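Since the structure comes first, as structure tokens, the remarks are kept for the end.
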Protein chains: 2
Amino acid sequence: MTSIKDLARLAGVSPSTISRAVNGKKYVKPEIRERILELVRETGYVPNSAARSMVLKRTFTVGIVIPDTFNMFQRQLFSTVERSLEGFGYHTSFFFVVWEPESELRCLRRIKAEKLDGIIMIHEVARPEFYDFLAKSQLPAVLCTFTRAGGFFHSVHVDEEAAARTATEHLVSLGHRRIGLLSGTHFSFGAQRAEGYRSGLAASGIEAREADAVLLPSYTPEEGRSGMRALLERDLGLTAVFAATDELAIGAVRALYEAGLKVPRDVSVIGFDDIDISAYLSPGLTTVRQPIREMGKRTAEIMSRLIEGHREPGDSVFGHELVIRESTKGPPKGN
Amino acid sequence: MTSIKDLARLAGVSPSTISRAVNGKKYVKPEIRERILELVRETGYVPNSAARSMVLKRTFTVGIVIPDTFNMFQRQLFSTVERSLEGFGYHTSFFFVVWEPESELRCLRRIKAEKLDGIIMIHEVARPEFYDFLAKSQLPAVLCTFTRAGGFFHSVHVDEEAAARTATEHLVSLGHRRIGLLSGTHFSFGAQRAEGYRSGLAASGIEAREADAVLLPSYTPEEGRSGMRALLERDLGLTAVFAATDELAIGAVRALYEAGLKVPRDVSVIGFDDIDISAYLSPGLTTVRQPIREMGKRTAEIMSRLIEGHREPGDSVFGHELVIRESTKGPPKGN
DNA sequence: GTCTTTGCTGCAAACGTTTTCATATCAGAA
DNA sequence: TTCTGATATGAAAACGTTTGCAGCAAAGAC
């Protein structure tokens, strides 16, 4: 409500002086500064950020693009990113996008309209326009949890394939030979984790059978459940399953439970991401952890430095960690 | 990059005409409009929203205040609210606030600075300044999932106490007599659900023992786990537990699992909210469902009507629904 | 023929800031 | 005394839009 002009009138000075006082600049007589600050407190005046960004040509806001269906891993990630960005003096504007071209374009329009200082993608959008715009506009951009060929973008991620291989090798090391896969068709990590599964098997001299793998259209518990059901119906003699996300794993455990099978006694299940409930499930879910906090902090740090005009190395690859809980053990006797 | 003036120069017309063409107003010669729209497509021009909001005095954006620690229930809620709001032509700006005075004040500052059209609170902030500001500024506001005395605010919520009573009575109807409570000290729903538990017991002539209840500082699985442990250590002979949120319930189930007790064979557990994994847990969690989608849609609808200047009824109270899954059954024989 | 209506266009003001520039005051130095 | 430099202040321009107003041409009414 109150504008800088109102305040100027109240204080009997010009808007310029108000601006200087509010922004803590030099050249304001101490007693006048005090009076102005008092007035600011009384009226609850806060500078209009639209007007401010028009003249400053920056918004101190970075956009975060994230899937509307974000899982708990991504949720923890963006929470950390936001907190860190705040530490660097930036606000955050969230764009939740659904898996539809229209939604992505709408998001792109908003990004253009809002004149953000930078943009962090935690969602691997499908439309090439998106990346083209980022590249052409020179807008500082960081891809978080994925990369894109061409080496143009900065990105922060783990070696998905290696991490999936670790998961698979864990199952193999427990003695499993018939291992199923639940992964997805969307996003590059789906294919990468599937590839890690295959190379993990191959390294142990186990043949990867076509029928052992199911590729789902999304990574929800519901899909995990129906994928696991499909696997069970095929009667493959599986003693373990690698699910490409913890959510898929939860659904898989559910399907096994419904089929009267016990985890890990009858079938072992391993997930991926280590989302926060995984530790609280019964049995606790064995999974591969991505270093969420470190990745989030790094993302914010790179963004802040990019905005300040520094050059940064293009890729930050983080290590993963196997978290062994109770959902995996050796195969049942007789297998 | 491209501004309306650049476009005007390119098209050989004045900025006014560009504005009219872009906004689909009358009084632009068809062939000129066509040429302008073509230019817009080529250049990727999108009007600067800061400049736009300055002259229009509205942002077409509503703010959603939500706890940084939002649970899956709140997450589904804000997703629905956002989607519905979009249908009414509004964008959404998210404010994740943590349980600290400083964070709430920072959020308030941003809200003032951004000149939003309205504000939806999915988080019951502690600072009275917040509500004072909303009341004084006449900013359209809807409280979602809670109310505030005074009748000033519009709010959308369920009868928390009645819903908690339903949960408790379900346990009683299964034959339980020794029923524990896990609830929290934060937010009014913590006390309301606890009250519903007590009145549910009282209605069945069961004495509510002080020792049967644990009040936690937050509603996470971790707290649920430690709360359930505390209950177990007291050795009260409980055969069932009512947890005030599904997250608490998940933690409680975990604690029981760690203690070697089976749910529901040894102890029944009922939650509250029906968050989306609850159906996929093993055993599936019995809980009380709030009609998330309907509440979210209603919230958006009220907001949109408030912004348009209509009067609306102050309170929308929704009914709840008992969802019986596998985590509750009769008490073990001999109890 | 004139008068009115309608369609189209541009000028200029306004929104709320920040900052450059010019000007004024004052203290201290010569 | 005059000059220098630091401190303090305001006027005005700029950022990118939208829109009321004025002006003009073309079309239609009489």
Side-chain angles (χ1 to χ4, degrees), chain A residues 1-37 39-40 43-61 89 91 109-117 137, chain B residues 1-37 39-40 43-61 89 91 109-117 137:
Chain A
M1 291 285 118
T2 25
S3 80
I4 202 172
K5 288 182 192 167
D6 300 328
L7 227 52
R9 211 171 325 108
L10 284 174
V13 297
S14 76
S16 329
T17 305
I18 303 287
S19 174
R20 280 188 277 255
V22 169
N23 293 307
K25 300 247 166 132
K26 285 205 311 184
Y27 303 136
V28 179
K29 207 192 284 184
E31 65 235 48
I32 296 201
R33 156 166 282 136
E34 200 37 66
R35 184 148 50 92
I36 291 176
L37 261 31
L39 238 32
V40 166
T43 57
Y45 168 76
V46 175
N48 178 328
S49 59
R52 200 149 192 278
S53 77
M54 284 202 59
V55 30
L56 293 181
K57 287 168 175 345
R58 45 184 308 197
T59 52
F60 297 95
T61 300
H91 292 140
R109 268 186 68 86
R110 272 188 76 190
I111 288 179
K112 287 177 180 173
E114 292 188 14
K115 297 277 177 288
L116 303 163
D117 287 357
S137 68
Chain B
M1 290 288 118
T2 23
S3 79
I4 202 171
K5 287 182 191 167
D6 300 328
L7 227 51
R9 211 170 327 107
L10 285 174
V13 297
S14 75
S16 330
T17 305
I18 304 286
S19 173
R20 280 187 277 256
V22 170
N23 294 305
K25 301 245 168 133
K26 285 206 311 185
Y27 304 134
V28 179
K29 204 191 283 184
E31 66 236 47
I32 296 200
R33 154 166 282 134
E34 200 36 67
R35 184 149 48 95
I36 292 175
L37 261 29
L39 238 32
V40 166
T43 57
Y45 168 76
V46 174
N48 178 327
S49 59
R52 200 148 193 276
S53 77
M54 285 204 58
V55 28
L56 293 180
K57 286 166 175 344
R58 42 184 313 200
T59 51
F60 297 96
T61 300
H91 293 140
R109 268 187 69 87
R110 271 189 76 189
I111 288 178
K112 287 178 179 172
E114 292 189 13
K115 296 276 175 291
L116 304 163
D117 287 357
S137 67

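All values below come from the heavy atoms of this structure, side chains included, with hydrogens, waters and symmetry mates left out. Only a predicted model underlies this, so the values are computations on that prediction, with no experimental measurement involved.
- Nucleotide D:dG16 holds its C1' atom 13 Å from the CZ atom of B:Arg9, rounded to whole Å.
- Atom CE in A:Met54 sits roughly 13 Å away from atom P in D:dA14 (whole-Å rounding).
- Using a 4.5 Å heavy-atom threshold, the side chains of A:Asn48 and B:Lys115 count as touching.
- Between the NZ atom of A:Lys25 and the P atom of D:dT7 there is a distance of 16 Å, rounded to whole Å.
- Counting to the nearest Å, the P atom of D:dG16 and the CG atom of B:Asp6 are 8 Å from each other.
- Side-chain nitrogen and oxygen atoms of A:Ser19 include at least one within less than 4.0 Å of the OP1 or OP2 phosphate oxygen of C:dT18.
- Counting only heavy atoms from C-beta on, A:Val13 has its side chain closest to D:dG10 among C:dG16, D:dG10, C:dG10.
- Looking at which nucleotide of DNA chain C each of B:Gly12 and B:Lys115 is closest to, the 5′-most match is held by B:Gly12.
- Note: CZ (B:Arg33) to C1' (C:dG7) measures 12 Å, nearest angstrom.
- Residue A:Arg58 contributes atom CZ, which lies 11 Å from atom P of C:dT19 at whole-angstrom precision.
- Taking atom NZ of residue B:Lys26 and atom P of nucleotide D:dT19, one finds them 15 Å apart after rounding to whole Å.
- Atom pair A:Ile18:CD1 and C:dG16:P shows a separation of 15 Å (rounding to whole Å applied).
- A donor-acceptor contact under 3.5 Å links the side chain of A:Ser16 to the base of D:dA11.
- Taking 4.0 angstrom as the limit, A:Tyr27 places none of its side-chain polar atoms (N or O) nearer than this to OP1 or OP2 of C:dT18.
- Taking side-chain N and O atoms only, B:Asn48 has no distance below 4.0 Å to OP1 or OP2 of D:dC15.
- Residues B:Phe60 and B:Asp117 share a closest heavy-atom pair of N-OD2, 2.8 Å.
- Across D:dT17, D:dT9, C:dT17, the shortest atom-to-atom separation from the side chain of A:Ile4 is found for C:dT17.
- Under 4.0 angstrom from either OP1 or OP2 of D:dG16 there lies no side-chain N or O belonging to B:Arg52.
- Closest contact between the side chain of A:Pro30 and the listed nucleotides C:dT19, C:dG16, D:dA8 involves D:dA8.
- Each of B:Pro47, B:Ser14, B:Pro15 was compared with B:Ile4 under the side-chain contact (heavy atoms from CB on, under 4.5 Å) criterion, and only B:Pro15 meets it.
- Nucleotides of DNA chain C nearest to A:Ala50 and B:Ser14 differ in position, and the one nearer the 5' end is that of B:Ser14.
- When each of A:Val28 and B:Arg20 is assigned the nucleotide of DNA chain D with its nearest heavy atom, A:Val28 is the one assigned upstream, toward the 5' end.
- Considering only side-chain N and O atoms, A:Thr17 lies under 4.0 angstrom from the phosphate OP1 or OP2 of D:dG10.
- Side chain of B:Thr43 to main chain of B:Leu39: a donor-acceptor pair is present (N/O by atom type, distance under 3.5 Å, no hydrogens or angles).
- Counting heavy atoms of neighbouring residues, nucleotides and ligands inside a 6.0 Å radius, atom CZ of B:Arg109 does not exceed 12 of them.
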